[in-house]
Amino acid sequence: MKVICDDCKKDFVVKKKLIKSEKLFNSVERTYFCCPKCRKRYVISYVDKEIKENIKRLKCLRSEYQRKEKNLKNYEKKCKNLIERNKALNARYKALFGR
């Protein structure tokens with residue numbers, strides 16, 4: 001993915017080797033990349049135990065829906081709830097830990 005740094009305006013491609021993870025307290029993990037020129041940090045996501053469980057549930061829901069062709073509205077509602085919960089947790093961690 002090509003990005004332009006907000007600070008130094010350098011454009012660069014984010015490759016796997018630029019993406020780093022670090023453990024924070026209470027088993028929260030922050031994933032980020034840094035501008036290769038000025039080292040500004042860009043947070044991609046925060047992940048904790050609940051977020052990991054929600055991701056597993058989403059995968060199970062998707063495969064269950066594909067196998068059984070369940071009610072689409074029910075499937076969409078469950079998926080939306082899990083995704084919204086993950087977004088809320090990420091927003092909370094962003095406020096708590098900063099960028």
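Computed from a predicted model, the values in this text were never measured in an experiment. All heavy atoms count here, side chains included; hydrogens, waters and symmetry mates do not. In this chain, numbering begins with 1 at the start of the sequence shown.
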Exercise. What is the minimum heavy-atom distance between Cys38 and Asp7, and which atoms define it?
Worked result: SG-CB, 4.1 Å
Exercise. With the threshold set at 4.0 Å, does a side-chain nitrogen-carboxylate oxygen contact exist between Glu29 and Lys49?
Worked result: no
For this session: Take Glu50 and Arg57 through the salt bridge (Lys or Arg N to Asp or Glu O under 4.0 Å) test and state the conclusion after the steps.
Result: CA-CA 10 Å; Glu50 183 180 353; Arg57 286 185 194 134; over 6 Å; no
For this session: Hey, could you give me the NZ/CG distance between Lys56 and Leu82, rounded to the nearest 0.5 Å?
Result: 13.5 Å
Exercise. Between the side chain of Lys20 and the main-chain N/O of Lys17, is any donor-acceptor distance below 3.5 Å?
Worked result: yes
Exercise. Roughly how far, to the nearest 0.5 Å, is the CD atom of Glu53 from the CG atom of Asn86?
Worked result: 11.0 Å
Exercise. How many angstroms lie between atom CD1 of Ile44 and atom CG of Asn90, to the nearest 0.5 angstrom?
Worked result: 11.0 Å
Exercise. For the side chain of Asp11 and the backbone of Ile4, is there at least one donor-acceptor N/O pair under 3.5 Å apart?
Worked result: no
Exercise. Nearest 0.5 Å, what's the CG-OH distance between Leu96 and Tyr46?
Worked result: 8.5 Å
Exercise. Do the non-hydrogen side-chain atoms of Val28 and Val47 ever get within less than 4.5 Å of each other?
Worked result: no
For this session: Step through it carefully: locate the ring centre of Phe97, locate the ring centre of Phe25, and say whether they are under 6.0 Å apart.
Result: yes
For this session: Drop me the distance from Met1's CE to Leu18's CG, to the nearest 0.5 angstrom.
Result: 10.5 Å
Exercise. Quick one: does Leu24's side chain get under 4.5 Å of Tyr93's, heavy atoms only?
Worked result: no
Seminar exercise, completed: So SG of Cys5 and CZ of Arg39: to nearest 0.5 Å the spacing works out to 10.5 Å
For this session: Answer whether the closest heavy-atom distance between the side chains of Ser21 and Arg30 falls below 4.5 Å.
Result: no
Problem set entry | Ring-ring centroid check Tyr32 Tyr42, cutoff 6.0 Å | no
